[in-house]
Number of protein chains: 2
Amino acid sequence: MSKSGRPREFKDTAVIDAAVEVFWSQGYGACSTDDLCKETGLGRGSLYNAFGSKHELYEQALIRYHQVGIEAQLEILNNDAPVKERLQELLEWEIREGSTAKDRGCLLINASVERGKTDPTVERIFKQHVALLEQALEKTIREGQSAGEISRERDTSELTALFLSCCYGLRVIYPGTMNRALARQIIEGTLAAIF
Amino acid sequence: MSKSGRPREFKDTAVIDAAVEVFWSQGYGACSTDDLCKETGLGRGSLYNAFGSKHELYEQALIRYHQVGIEAQLEILNNDAPVKERLQELLEWEIREGSTAKDRGCLLINASVERGKTDPTVERIFKQHVALLEQALEKTIREGQSAGEISRERDTSELTALFLSCCYGLRVIYPGTMNRALARQIIEGTLAAIF
DNA sequence: CTAATTTTGTACTAATTGTTACAAAAATAA
DNA sequence: TTATTTTTGTAACAATTAGTACAAAATTAG
(Lines give C-alpha, C1' and ligand atoms only; values in the text may rest on other atoms or scores of the structure.)
Protein backbone atom coordinates (compact mmCIF):
# COMPACT_ATOMS: atom_id res chain seq x y z
CA MET A 1 0.00 0.00 0.00
CA SER A 2 1.94 2.97 1.27
CA LYS A 3 5.43 1.58 1.10
CA SER A 4 6.89 3.50 -1.78
CA GLY A 5 9.04 6.57 -1.54
CA ARG A 6 12.47 7.24 -0.18
CA PRO A 7 13.06 5.43 3.10
CA ARG A 8 13.98 7.29 6.27
CA GLU A 9 17.58 7.33 7.30
CA PHE A 10 16.84 7.36 11.02
CA LYS A 11 14.85 5.62 13.73
CA ASP A 12 12.19 7.75 15.39
CA THR A 13 13.07 6.44 18.84
CA ALA A 14 16.74 7.39 18.49
CA VAL A 15 15.76 10.91 17.42
CA ILE A 16 13.37 11.27 20.33
CA ASP A 17 16.02 10.04 22.74
CA ALA A 18 18.42 12.65 21.42
CA ALA A 19 15.69 15.28 21.71
CA VAL A 20 15.15 14.29 25.35
CA GLU A 21 18.80 15.09 25.98
CA VAL A 22 18.49 18.50 24.37
CA PHE A 23 15.27 19.51 26.14
CA TRP A 24 16.54 18.09 29.41
CA SER A 25 19.82 19.98 29.27
CA GLN A 26 18.55 23.29 27.98
CA GLY A 27 14.80 23.47 28.48
CA TYR A 28 12.19 24.11 25.82
CA GLY A 29 12.56 27.83 25.29
CA ALA A 30 16.33 27.91 25.55
CA CYS A 31 17.03 25.33 22.87
CA SER A 32 16.69 26.14 19.19
CA THR A 33 15.51 23.96 16.35
CA ASP A 34 19.09 24.21 15.16
CA ASP A 35 20.27 22.59 18.39
CA LEU A 36 17.74 19.84 17.86
CA CYS A 37 18.91 19.28 14.30
CA LYS A 38 22.53 19.12 15.38
CA GLU A 39 21.97 16.71 18.25
CA THR A 40 19.54 14.46 16.44
CA GLY A 41 21.57 14.54 13.26
CA LEU A 42 18.52 15.42 11.17
CA GLY A 43 18.23 18.28 8.73
CA ARG A 44 15.42 20.76 9.17
CA GLY A 45 13.44 19.18 6.36
CA SER A 46 13.53 15.74 7.90
CA LEU A 47 12.81 16.98 11.37
CA TYR A 48 9.75 18.96 10.36
CA ASN A 49 8.59 16.27 7.97
CA ALA A 50 8.75 13.63 10.67
CA PHE A 51 7.66 15.55 13.77
CA GLY A 52 5.70 18.54 12.56
CA SER A 53 7.03 21.16 14.94
CA LYS A 54 9.35 21.82 17.82
CA HIS A 55 6.43 21.52 20.18
CA GLU A 56 5.29 18.15 18.88
CA LEU A 57 8.81 16.80 19.26
CA TYR A 58 8.86 18.21 22.79
CA GLU A 59 5.64 16.40 23.53
CA GLN A 60 7.07 13.13 22.30
CA ALA A 61 10.24 13.68 24.30
CA LEU A 62 8.27 14.32 27.48
CA ILE A 63 6.15 11.23 26.98
CA ARG A 64 9.20 9.12 26.36
CA TYR A 65 10.99 10.46 29.42
CA HIS A 66 7.84 9.88 31.42
CA GLN A 67 7.50 6.29 30.27
CA VAL A 68 11.13 5.35 30.79
CA GLY A 69 11.18 7.02 34.20
CA ILE A 70 7.97 5.48 35.46
CA GLU A 71 9.08 2.08 34.30
CA ALA A 72 12.34 2.35 36.21
CA GLN A 73 10.57 3.53 39.33
CA LEU A 74 7.97 0.79 39.17
CA GLU A 75 10.69 -1.78 38.78
CA ILE A 76 12.27 -0.57 41.99
CA LEU A 77 8.96 -0.48 43.86
CA ASN A 78 7.55 -3.77 42.61
CA ASN A 79 10.31 -5.84 44.06
CA ASP A 80 10.37 -8.54 46.68
CA ALA A 81 12.96 -6.90 48.86
CA PRO A 82 11.81 -5.43 52.18
CA VAL A 83 9.76 -2.28 51.63
CA LYS A 84 12.33 -0.16 53.41
CA GLU A 85 14.99 -1.24 50.96
CA ARG A 86 12.75 -0.49 48.02
CA LEU A 87 11.94 2.98 49.23
CA GLN A 88 15.55 3.73 50.00
CA GLU A 89 16.57 2.51 46.57
CA LEU A 90 13.95 4.80 45.02
CA LEU A 91 15.34 7.84 46.81
CA GLU A 92 18.87 6.95 45.76
CA TRP A 93 17.59 6.60 42.22
CA GLU A 94 16.14 10.11 42.37
CA ILE A 95 19.56 11.46 43.20
CA ARG A 96 21.33 9.47 40.53
CA GLU A 97 18.70 10.36 37.94
CA GLY A 98 19.04 14.09 38.48
CA SER A 99 22.77 14.24 38.84
CA THR A 100 24.36 11.99 36.28
CA ALA A 101 26.97 13.99 34.44
CA LYS A 102 24.90 17.09 33.85
CA ASP A 103 22.85 17.73 37.01
CA ARG A 104 19.79 18.72 35.11
CA GLY A 105 17.22 17.48 37.60
CA CYS A 106 13.95 15.94 36.50
CA LEU A 107 12.80 16.80 32.99
CA LEU A 108 9.14 16.68 33.98
CA ILE A 109 9.58 19.07 36.88
CA ASN A 110 11.61 21.33 34.63
CA ALA A 111 8.85 21.21 32.04
CA SER A 112 6.11 21.80 34.60
CA VAL A 113 7.93 24.79 36.02
CA GLU A 114 8.83 26.29 32.66
CA ARG A 115 5.62 25.65 30.76
CA GLY A 116 3.04 23.98 32.99
CA LYS A 117 0.91 27.06 33.28
CA THR A 118 0.70 27.81 29.56
CA ASP A 119 1.02 24.40 27.96
CA PRO A 120 -1.86 21.95 28.55
CA THR A 121 0.19 19.04 27.23
CA VAL A 122 2.88 19.61 29.80
CA GLU A 123 0.34 19.98 32.56
CA ARG A 124 -1.35 16.74 31.57
CA ILE A 125 1.84 14.68 31.45
CA PHE A 126 3.10 16.08 34.73
CA LYS A 127 -0.16 15.35 36.51
CA GLN A 128 -0.14 11.84 35.14
CA HIS A 129 3.43 11.28 36.23
CA VAL A 130 2.69 12.41 39.78
CA ALA A 131 -0.47 10.34 39.94
CA LEU A 132 1.22 7.15 38.75
CA LEU A 133 4.07 7.48 41.20
CA GLU A 134 1.64 8.25 44.01
CA GLN A 135 -0.38 5.17 43.16
CA ALA A 136 2.65 2.89 43.07
CA LEU A 137 3.95 4.33 46.33
CA GLU A 138 0.64 3.80 48.06
CA LYS A 139 0.58 0.17 47.02
CA THR A 140 4.10 -0.37 48.28
CA ILE A 141 3.46 1.37 51.59
CA ARG A 142 0.28 -0.59 52.14
CA GLU A 143 2.32 -3.70 51.50
CA GLY A 144 4.77 -2.58 54.14
CA GLN A 145 1.94 -2.12 56.58
CA SER A 146 0.53 -5.57 55.83
CA ALA A 147 3.93 -7.11 56.33
CA GLY A 148 4.32 -5.32 59.65
CA GLU A 149 7.29 -3.26 58.46
CA ILE A 150 5.31 -0.04 58.83
CA SER A 151 2.90 0.68 61.65
CA ARG A 152 -0.71 -0.07 60.70
CA GLU A 153 -1.83 2.78 62.94
CA ARG A 154 -0.63 5.39 60.50
CA ASP A 155 -2.72 6.70 57.65
CA THR A 156 -1.60 5.12 54.39
CA SER A 157 -2.32 8.06 52.13
CA GLU A 158 -0.64 10.47 54.50
CA LEU A 159 2.48 8.33 54.48
CA THR A 160 2.28 8.19 50.71
CA ALA A 161 1.90 11.93 50.36
CA LEU A 162 4.79 12.46 52.73
CA PHE A 163 7.11 10.22 50.77
CA LEU A 164 5.97 11.67 47.44
CA SER A 165 6.67 15.18 48.63
CA CYS A 166 10.12 14.17 49.80
CA CYS A 167 10.87 12.68 46.39
CA TYR A 168 10.01 15.89 44.60
CA GLY A 169 11.74 18.02 47.18
CA LEU A 170 14.87 15.99 46.68
CA ARG A 171 14.58 16.33 42.92
CA VAL A 172 14.63 20.09 43.27
CA ILE A 173 16.97 20.63 46.19
CA TYR A 174 19.76 18.32 45.14
CA PRO A 175 20.24 19.45 41.55
CA GLY A 176 19.80 23.06 42.68
CA THR A 177 22.32 23.02 45.48
CA MET A 178 24.51 20.00 44.75
CA ASN A 179 24.67 19.60 48.52
CA ARG A 180 25.28 15.92 48.92
CA ALA A 181 25.26 15.96 52.71
CA LEU A 182 21.84 17.57 52.72
CA ALA A 183 20.58 15.03 50.21
CA ARG A 184 21.73 12.20 52.44
CA GLN A 185 19.99 13.73 55.42
CA ILE A 186 16.81 14.01 53.41
CA ILE A 187 17.00 10.32 52.57
CA GLU A 188 17.74 9.32 56.16
CA GLY A 189 15.09 11.63 57.54
CA THR A 190 12.44 10.42 55.12
CA LEU A 191 13.06 6.77 55.90
CA ALA A 192 13.19 7.44 59.64
CA ALA A 193 9.83 9.19 59.37
CA ILE A 194 8.15 6.13 57.91
CA PHE A 195 9.83 3.16 59.58
CA MET B 1 27.73 67.04 44.72
CA SER B 2 26.04 64.94 42.06
CA LYS B 3 22.48 66.19 42.38
CA SER B 4 22.01 67.94 39.09
CA GLY B 5 20.24 66.54 36.06
CA ARG B 6 16.71 65.52 35.35
CA PRO B 7 15.16 63.62 38.25
CA ARG B 8 13.79 60.08 37.86
CA GLU B 9 10.08 59.67 37.48
CA PHE B 10 9.96 56.31 39.29
CA LYS B 11 11.02 54.53 42.45
CA ASP B 12 13.47 51.68 41.95
CA THR B 13 11.66 49.44 44.43
CA ALA B 14 8.34 49.79 42.62
CA VAL B 15 10.01 48.90 39.32
CA ILE B 16 11.68 45.87 40.84
CA ASP B 17 8.42 44.73 42.38
CA ALA B 18 6.76 44.96 38.99
CA ALA B 19 9.67 43.07 37.45
CA VAL B 20 9.23 40.32 40.05
CA GLU B 21 5.67 39.88 38.83
CA VAL B 22 6.79 39.61 35.22
CA PHE B 23 9.62 37.15 35.86
CA TRP B 24 7.46 35.17 38.25
CA SER B 25 4.60 34.83 35.80
CA GLN B 26 6.57 34.20 32.65
CA GLY B 27 10.08 33.17 33.56
CA TYR B 28 13.29 34.80 32.41
CA GLY B 29 13.53 33.52 28.87
CA ALA B 30 9.86 33.78 28.05
CA CYS B 31 9.44 37.44 28.95
CA SER B 32 10.72 40.18 26.69
CA THR B 33 12.19 43.53 27.58
CA ASP B 34 9.03 44.92 26.03
CA ASP B 35 6.96 43.06 28.62
CA LEU B 36 9.16 44.50 31.33
CA CYS B 37 8.75 48.03 29.97
CA LYS B 38 4.99 47.64 29.79
CA GLU B 39 4.58 46.24 33.28
CA THR B 40 7.04 48.56 34.96
CA GLY B 41 5.82 51.57 33.04
CA LEU B 42 9.33 52.54 32.03
CA GLY B 43 10.56 53.28 28.54
CA ARG B 44 13.47 51.28 27.19
CA GLY B 45 15.85 54.18 27.72
CA SER B 46 14.94 54.54 31.37
CA LEU B 47 15.03 50.84 32.03
CA TYR B 48 18.46 50.33 30.53
CA ASN B 49 19.77 53.53 32.07
CA ALA B 50 18.65 52.50 35.52
CA PHE B 51 19.26 48.75 35.50
CA GLY B 52 21.81 48.08 32.79
CA SER B 53 20.33 44.94 31.28
CA LYS B 54 17.53 42.45 31.47
CA HIS B 55 19.78 40.14 33.42
CA GLU B 56 20.72 42.72 36.04
CA LEU B 57 17.07 43.52 36.58
CA TYR B 58 16.40 39.80 36.93
CA GLU B 59 19.10 39.57 39.54
CA GLN B 60 17.56 42.42 41.52
CA ALA B 61 14.13 40.84 41.22
CA LEU B 62 15.39 37.51 42.51
CA ILE B 63 17.15 39.14 45.45
CA ARG B 64 14.04 41.10 46.33
CA TYR B 65 11.81 38.03 46.11
CA HIS B 66 14.31 36.15 48.22
CA GLN B 67 14.43 38.82 50.90
CA VAL B 68 10.67 39.32 51.12
CA GLY B 69 10.08 35.57 51.18
CA ILE B 70 12.69 34.76 53.79
CA GLU B 71 11.42 37.56 56.00
CA ALA B 72 7.86 36.23 55.85
CA GLN B 73 9.03 32.70 56.62
CA LEU B 74 11.21 33.79 59.51
CA GLU B 75 8.34 35.74 60.97
CA ILE B 76 6.25 32.58 60.97
CA LEU B 77 9.03 30.47 62.46
CA ASN B 78 10.23 32.92 65.09
CA ASN B 79 6.96 33.04 66.91
CA ASP B 80 5.95 32.07 70.42
CA ALA B 81 3.16 29.74 69.38
CA PRO B 82 3.73 26.00 69.82
CA VAL B 83 6.27 24.70 67.31
CA LYS B 84 3.68 22.48 65.68
CA GLU B 85 1.50 25.48 64.90
CA ARG B 86 4.43 27.39 63.46
CA LEU B 87 5.43 24.55 61.17
CA GLN B 88 1.86 24.01 60.06
CA GLU B 89 1.50 27.72 59.36
CA LEU B 90 4.67 27.60 57.28
CA LEU B 91 3.34 24.78 55.12
CA GLU B 92 0.06 26.60 54.63
CA TRP B 93 2.02 29.68 53.67
CA GLU B 94 3.87 27.67 51.00
CA ILE B 95 0.56 26.76 49.43
CA ARG B 96 -0.81 30.27 49.56
CA GLU B 97 2.43 31.75 48.22
CA GLY B 98 2.49 29.52 45.18
CA SER B 99 -1.18 29.64 44.34
CA THR B 100 -2.45 33.16 44.81
CA ALA B 101 -4.29 34.15 41.67
CA LYS B 102 -1.72 32.88 39.19
CA ASP B 103 -0.36 29.58 40.50
CA ARG B 104 3.15 30.34 39.51
CA GLY B 105 4.89 28.42 42.25
CA CYS B 106 8.09 29.68 43.85
CA LEU B 107 10.11 32.16 41.80
CA LEU B 108 13.40 30.86 43.16
CA ILE B 109 12.64 27.26 42.28
CA ASN B 110 11.50 28.41 38.86
CA ALA B 111 14.74 30.33 38.44
CA SER B 112 16.88 27.46 39.68
CA VAL B 113 15.20 25.04 37.30
CA GLU B 114 15.30 27.37 34.31
CA ARG B 115 18.74 28.89 34.75
CA GLY B 116 20.48 27.39 37.76
CA LYS B 117 22.90 25.38 35.69
CA THR B 118 24.03 28.23 33.44
CA ASP B 119 23.64 31.29 35.62
CA PRO B 120 25.94 31.55 38.67
CA THR B 121 23.87 34.37 40.13
CA VAL B 122 20.77 32.22 40.17
CA GLU B 123 22.67 29.31 41.64
CA ARG B 124 24.07 31.50 44.40
CA ILE B 125 20.75 33.02 45.42
CA PHE B 126 18.98 29.67 45.37
CA LYS B 127 21.61 28.03 47.55
CA GLN B 128 21.43 30.91 49.97
CA HIS B 129 17.67 30.70 50.14
CA VAL B 130 17.73 26.99 50.90
CA ALA B 131 20.48 27.42 53.48
CA LEU B 132 18.68 30.19 55.33
CA LEU B 133 15.41 28.30 55.48
CA GLU B 134 17.24 25.16 56.62
CA GLN B 135 18.97 27.10 59.37
CA ALA B 136 15.74 28.68 60.64
CA LEU B 137 13.96 25.34 60.52
CA GLU B 138 16.68 23.64 62.49
CA LYS B 139 16.49 26.27 65.19
CA THR B 140 12.73 25.91 65.45
CA ILE B 141 12.84 22.13 65.54
CA ARG B 142 15.52 22.15 68.21
CA GLU B 143 13.27 24.50 70.17
CA GLY B 144 10.47 21.98 69.80
CA GLN B 145 12.72 19.26 71.12
CA SER B 146 13.77 21.36 74.09
CA ALA B 147 10.15 22.13 74.90
CA GLY B 148 9.28 18.45 74.72
CA GLU B 149 6.98 18.89 71.74
CA ILE B 150 9.24 16.78 69.55
CA SER B 151 11.04 13.65 70.72
CA ARG B 152 14.61 14.35 71.77
CA GLU B 153 15.57 10.89 70.54
CA ARG B 154 15.32 11.91 66.93
CA ASP B 155 18.16 13.47 65.00
CA THR B 156 17.61 17.20 64.66
CA SER B 157 19.21 17.68 61.29
CA GLU B 158 17.38 14.69 59.85
CA LEU B 159 14.08 16.14 60.99
CA THR B 160 15.11 19.46 59.50
CA ALA B 161 16.07 17.94 56.17
CA LEU B 162 12.81 16.00 56.13
CA PHE B 163 10.72 19.10 56.66
CA LEU B 164 12.75 21.13 54.19
CA SER B 165 12.29 18.52 51.52
CA CYS B 166 8.55 18.45 52.13
CA CYS B 167 8.39 22.23 51.74
CA TYR B 168 10.07 22.14 48.37
CA GLY B 169 8.11 19.11 47.26
CA LEU B 170 4.92 20.94 48.11
CA ARG B 171 6.10 24.01 46.21
CA VAL B 172 6.48 21.91 43.09
CA ILE B 173 3.62 19.43 43.38
CA TYR B 174 0.87 21.82 44.30
CA PRO B 175 1.36 24.46 41.61
CA GLY B 176 2.01 21.70 39.09
CA THR B 177 -1.05 19.62 39.79
CA MET B 178 -3.41 21.99 41.59
CA ASN B 179 -4.46 18.92 43.57
CA ARG B 180 -5.65 20.44 46.83
CA ALA B 181 -6.46 17.11 48.47
CA LEU B 182 -2.94 15.88 47.85
CA ALA B 183 -1.51 19.12 49.21
CA ARG B 184 -3.52 18.69 52.40
CA GLN B 185 -2.29 15.13 52.79
CA ILE B 186 1.28 16.32 52.37
CA ILE B 187 0.78 18.83 55.15
CA GLU B 188 -0.87 16.30 57.45
CA GLY B 189 1.68 13.63 56.64
CA THR B 190 4.61 15.95 57.22
CA LEU B 191 3.35 17.10 60.60
CA ALA B 192 2.48 13.55 61.64
CA ALA B 193 6.01 12.50 60.77
CA ILE B 194 7.54 15.00 63.14
CA PHE B 195 5.14 15.20 66.09
C1' DC C 1 12.29 1.39 -17.97
C1' DT C 2 8.59 5.23 -16.20
C1' DA C 3 5.57 7.16 -12.81
C1' DA C 4 4.65 7.97 -8.21
C1' DT C 5 5.95 8.89 -3.60
C1' DT C 6 8.59 10.12 0.22
C1' DT C 7 12.81 12.01 2.35
C1' DT C 8 16.48 15.19 2.49
C1' DG C 9 19.21 19.50 2.43
C1' DT C 10 19.33 24.34 1.44
C1' DA C 11 17.74 28.79 0.94
C1' DC C 12 14.55 31.75 2.52
C1' DT C 13 10.96 34.35 5.33
C1' DA C 14 8.75 36.99 8.65
C1' DA C 15 8.83 37.99 13.32
C1' DT C 16 10.98 38.80 17.59
C1' DT C 17 14.88 39.45 20.41
C1' DG C 18 18.19 42.31 23.64
C1' DT C 19 20.65 46.25 23.16
C1' DT C 20 22.41 50.80 21.50
C1' DA C 21 22.31 55.61 19.59
C1' DC C 22 20.73 59.89 20.11
C1' DA C 23 18.14 64.00 20.43
C1' DA C 24 14.63 66.29 23.17
C1' DA C 25 13.22 67.22 27.94
C1' DA C 26 13.92 68.56 32.62
C1' DA C 27 16.34 69.46 36.25
C1' DT C 28 20.66 71.93 39.03
C1' DA C 29 24.79 75.02 39.43
C1' DA C 30 27.11 79.20 38.34
C1' DT D 1 20.80 83.66 31.76
C1' DT D 2 24.16 79.65 30.24
C1' DA D 3 26.50 75.41 30.97
C1' DT D 4 26.07 70.90 32.75
C1' DT D 5 24.01 66.68 33.87
C1' DT D 6 20.75 63.16 33.88
C1' DT D 7 16.43 61.07 32.26
C1' DT D 8 13.28 59.91 28.73
C1' DG D 9 11.20 58.21 24.37
C1' DT D 10 11.95 56.77 19.71
C1' DA D 11 14.19 54.77 16.08
C1' DA D 12 17.12 51.58 14.58
C1' DC D 13 20.34 47.41 14.60
C1' DA D 14 22.27 42.96 14.33
C1' DA D 15 21.27 38.46 15.67
C1' DT D 16 18.38 34.71 16.29
C1' DT D 17 14.13 32.40 15.97
C1' DA D 18 10.46 28.76 14.30
C1' DG D 19 8.75 27.47 10.29
C1' DT D 20 8.24 27.06 4.90
C1' DA D 21 9.29 26.32 -0.08
C1' DC D 22 11.15 23.56 -3.17
C1' DA D 23 14.12 20.95 -5.94
C1' DA D 24 17.26 17.05 -5.85
C1' DA D 25 17.74 12.33 -4.21
C1' DA D 26 16.24 7.78 -3.27
C1' DT D 27 13.22 4.47 -3.10
C1' DT D 28 8.87 1.25 -4.74
C1' DA D 29 5.10 -0.09 -7.96
C1' DG D 30 3.86 -1.27 -12.39
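Every chain is numbered from 1, with letters handed out A, B, ... down the list of sequences.
- Taking atom CG of residue B/Asp12 and atom P of nucleotide D/dT7, one finds them 10 Å apart after rounding to whole Å.
- Atom P of nucleotide D/dA3 and atom CZ of B/Arg6 are separated by 21 Å, given to the nearest angstrom.
- Looking at heavy-atom distances under 4.0 Å, A/Cys37 makes no contact with the nucleic acid at all.
- Residue A/Cys167 is tested with A/Leu87, A/Leu162, A/Leu91 for a side chain to side chain contact (heavy atoms under 4.5 Å, CB included); the sole match is A/Leu91.
- The aromatic rings of A/Tyr28 and A/Phe23 sit parallel to each other, their planes meeting at less than 30°, with 60° as the upper class boundary.
- Checking B/Arg44 against B/Thr33 by side-chain atom types alone, a donor-acceptor pair falls below 3.5 Å.
- Separating the NZ atom of B/Lys38 from the P atom of D/dT10 is a distance of 13 Å, rounded to the nearest angstrom.
- Counting non-hydrogen atoms under 4.0 angstrom, A/Ser32 reaches the backbone sugars and phosphates but no base.
- Residue B/Lys54 places its side chain closer to C/dG18 than to any other of C/dG18, C/dT5, D/dT7.
- Rounded to whole Å, the distance from CZ on B/Phe51 to P on C/dG18 is 16 Å.
- Remark: A/Thr33 is in phosphate contact with D/dA18, judged by side-chain N or O atoms under 4.0 Å from OP1 or OP2.
- One donor-acceptor pair, N or O on each side, does fall under 3.5 Å between the base of C/dT19 and the side chain of B/Arg44.
- For the pair A/Leu133 and A/Tyr168, the minimum side-chain heavy-atom distance is below 4.5 Å.
- Checking A/Gly43 against B/Tyr48, the closest nucleotide of DNA chain C that is more toward the 5' end is the one next to A/Gly43.
- Between the CG atom of A/Asn49 and the C1' atom of C/dT5 there is a distance of 12 Å, given to the nearest Å.
- D/dG19 atom P lies 10 Å from atom CG of A/Leu47, rounded to whole Å.
- Taking atom CZ of residue B/Phe23 and atom C1' of nucleotide C/dG18, one finds them 12 Å apart after rounding to whole Å.
- The 12-atom threshold is not exceeded at CD of A/Glu75, counting heavy atoms of other residues, nucleotides or ligands nearer than 6.0 Å.
- Between A/Arg8 atom CZ and D/dT28 atom C1' the separation is 16 Å, expressed in whole Å.
- Nucleic acid contact for A/Gly45: base, since at least one base atom lies under 4.0 Å from a heavy atom of the residue.
- Residue A/Ser4 places no side-chain N or O under 4.0 Å from the OP1 or OP2 atom of C/dT5.
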